[in-house]
A.B. asks: 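Would you mind keeping the following structure in view while I ask a few things?
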Amino acid sequence: MHLDDLPLPDTPAARAAVEVARRFHSPAFVNHGLRSYLWAAAAARTQGLAVDDELLFVSAVLHDLGLEAPFDSHTLPFEEAGGLVAWVFAAGAGWSEQRRDRAAEIIVAHMADAVDPAVDAEGHLLEIATGLDISGRHAEAWDAGLRAEVLAAYPRLTLADEFLVCLADQAARKPHSAAGAAIASGLPARLAANPLDRR
């Protein structure tokens, strides 16, 4: 499998999601969202999962908006706040209420320890894709050549440093959140050891 085998969805909602991401995220976070989609799309093919590509793409591109100051909630975990932003985005895109709910659910699911693909294929894919992109979890499950192509097309830039600052801030303010659990369980060390940063 090669990068050319994984075209990015080119729909009005997909293009608008990238525009939103570029307006509110740093270049490192924009690339993280795009890579997360590509890792997820590749895993869908490997695992034989049928998915809604546009829904998965929009969820992947917008999944960290809850970390950005305009959308950061002082009470909700960042993935829940981001899911609500995606719900509003999807309403503006004219999606059905059920599809809006799915976008929010997928974004919340990306911070879960594990998601059953039989229950939520897109949530499972975004959870494993972000696990790969942030900490290199199960990197061997993706073809080395594909990893190199994706990283060359969408460089990591300063993602590790930026993400750690964001998660540490979330953990300090919301210690009982998934971000708090991630920091407590050694996220800084996992970020530092990510094989994607040692090409």
Side-chain angles (χ1 to χ4, degrees), residues 1-46 49-73 78-111 115 120-134 142 146-159 162-163 166 196:
M1 189 183 308
H2 297 281
L3 183 57
D4 289 345
D5 300 321
L6 301 169
L8 303 181
D10 186 22
T11 65
R15 292 192 296 272
V18 173
E19 184 178 353
V20 168
R22 288 181 173 149
R23 171 64 178 83
F24 293 103
H25 276 320
S26 70
F29 267 96
V30 172
N31 283 1
H32 166 58
L34 294 170
R35 284 193 310 272
S36 294
Y37 170 76
L38 291 166
W39 304 138
R45 293 189 177 200
T46 301
L49 295 174
V51 297
D52 180 331
D53 287 321
E54 181 188 50
L55 174 63
L56 179 59
F57 181 80
V58 168
S59 300
V61 169
L62 301 182
H63 78 269
D64 278 332
L65 277 182
L67 292 172
E68 300 296 347
F71 309 113
D72 182 18
S73 169
F78 84 91
E79 66 274 19
E80 292 183 22
L84 294 175
V85 174
W87 195 99
V88 172
F89 170 89
W95 289 9
S96 68
E97 185 173 357
Q98 180 181 20
R99 206 158 181 242
R100 296 172 213 167
D101 289 343
R102 286 292 297 128
E105 290 164 359
I106 293 162
I107 289 173
V108 171
H110 95 273
M111 285 298 288
V115 179
D120 181 357
E122 289 88 359
H124 161 73
L125 291 166
L126 189 57
E127 178 260 316
I128 64 169
T130 55
L132 166 65
D133 207 62
I134 292 300
W142 284 265
L146 176 64
R147 294 198 314 262
E149 288 183 60
V150 171
L151 292 167
Y154 303 100
R156 294 181 63 74
L157 306 174
T158 55
L159 178 66
E162 291 182 43
F163 190 78
C166 289
L196 299 186

A.B. asks: So, for A13 and V58, which heavy atoms are closest and what is the spacing to 0.1 Å?
C.D. replies: O-CG2, 4.0 Å
A.B. asks: If only atom types and distance count, is the side chain of R35 paired as donor or acceptor with the main-chain N or O of Y154 below 3.5 Å?
C.D. replies: yes
A.B. asks: Kindly state whether the ring of H32 and the ring of H25 have centres lying under 6.0 angstrom apart.
C.D. replies: no
A.B. asks: How many angstroms lie between atom CD of Q98 and atom CD of E105, to the nearest 0.5 angstrom?
C.D. replies: 9.0 Å
A.B. asks: Is the shortest side-chain heavy-atom distance between L146 and V150 below 4.5 Å?
C.D. replies: yes
A.B. asks: What pair of heavy atoms forms the shortest contact from A40 to L126, and how long is it?
C.D. replies: CB-N, 4.5 Å
A.B. asks: Has R45 got a side-chain atom pairing as donor or acceptor with D5's backbone, closer than 3.5 angstrom?
C.D. replies: yes
A.B. asks: Verify, without hydrogens or angle tests, whether E162 (side chain) and A28 (backbone) share a donor-acceptor contact under 3.5 angstrom.
C.D. replies: no
A.B. asks: Tell me the closest heavy-atom pair linking F163 and D64, and the distance in Å.
C.D. replies: CE1-OD2, 4.2 Å
A.B. asks: If you apply the rule side chain to side chain contact (heavy atoms under 4.5 Å, CB included), what do you find for W39 with L125, and how did you get there?
C.D. replies: CA-CA 8 Å; W39 304 138; L125 291 166; over 6 Å; no
A.B. asks: Keeping the roles fixed (side chain from N31, backbone from R156), state whether a donor-acceptor pair exists under 3.5 Å.
C.D. replies: no
A.B. asks: For the atom pair CG (D53) and CG (L8), what is the distance rounded to the nearest 0.5 Å?
C.D. replies: 10.5 Å
A.B. asks: In sequence, state the C-alpha distance, the side-chain angles, and the governing distance for D120 and E127, and then conclude on side chain to side chain contact (heavy atoms under 4.5 Å, CB included).
C.D. replies: CA-CA 10 Å; D120 181 357; E127 178 260 316; over 6 Å; no
A.B. asks: Taking the side chain as C-beta and beyond, is there a heavy-atom pair between F78 and S73 under 4.5 Å?
C.D. replies: no
A.B. asks: Report the C-alpha distance between V18 and F57 in whole Å, list the side-chain angles of each, state the deciding distance to 0.1 Å, and finish with yes or no for side chain to side chain contact (heavy atoms under 4.5 Å, CB included).
C.D. replies: CA-CA 9 Å; V18 173; F57 181 80; 3.6 Å; yes
A.B. asks: Please check if the number of heavy atoms outside R22 that lie under 6.0 Å from its CZ is greater than 12.
C.D. replies: no
A.B. asks: Let me confirm one number: the OG1-CG distance from T11 to L55, rounded to the nearest 0.5 Å.
C.D. replies: 11.0 Å
A.B. asks: Contact between Y37 and S59 at the side-chain level, heavy atoms closer than 4.5 Å - yes or no?
C.D. replies: no
A.B. asks: For residues E54 and R99, determine if any side-chain heavy atom of one lies less than 4.5 Å from a side-chain heavy atom of the other.
C.D. replies: yes
A.B. asks: Hey, mind stepping through F89 and R100 against side chain to side chain contact (heavy atoms under 4.5 Å, CB included) and telling me if it holds?
C.D. replies: CA-CA 8 Å; F89 170 89; R100 296 172 213 167; over 6 Å; no
A.B. asks: Out of curiosity, L67 CG to E79 CD, how far, rounded to the nearest 0.5 Å?
C.D. replies: 9.0 Å
A.B. asks: Under the side chain to side chain donor-acceptor pair (under 3.5 Å) rule, what pairs show up with a residue in residues 80-95, not counting sequence neighbours?
C.D. replies: W87-D101
A.B. asks: Grab the two heavy atoms, one from E68 and one from S26, that are nearest each other, plus how far apart they are.
C.D. replies: OE2-N, 4.5 Å
A.B. asks: Is there side-chain contact between L49 and E122, with heavy atoms separated by less than 4.5 Å?
C.D. replies: no
A.B. asks: What pair of heavy atoms forms the shortest contact from L196 to R147, and how long is it?
C.D. replies: CD2-CD, 4.0 Å
A.B. asks: Enter the distance from L6:CG to E149:CD here, rounded to the nearest 0.5 Å.
C.D. replies: 9.0 Å
A.B. asks: Mind listing the closest non-hydrogen atom pair of L34 and V61 along with its distance?
C.D. replies: CD2-CG2, 4.1 Å
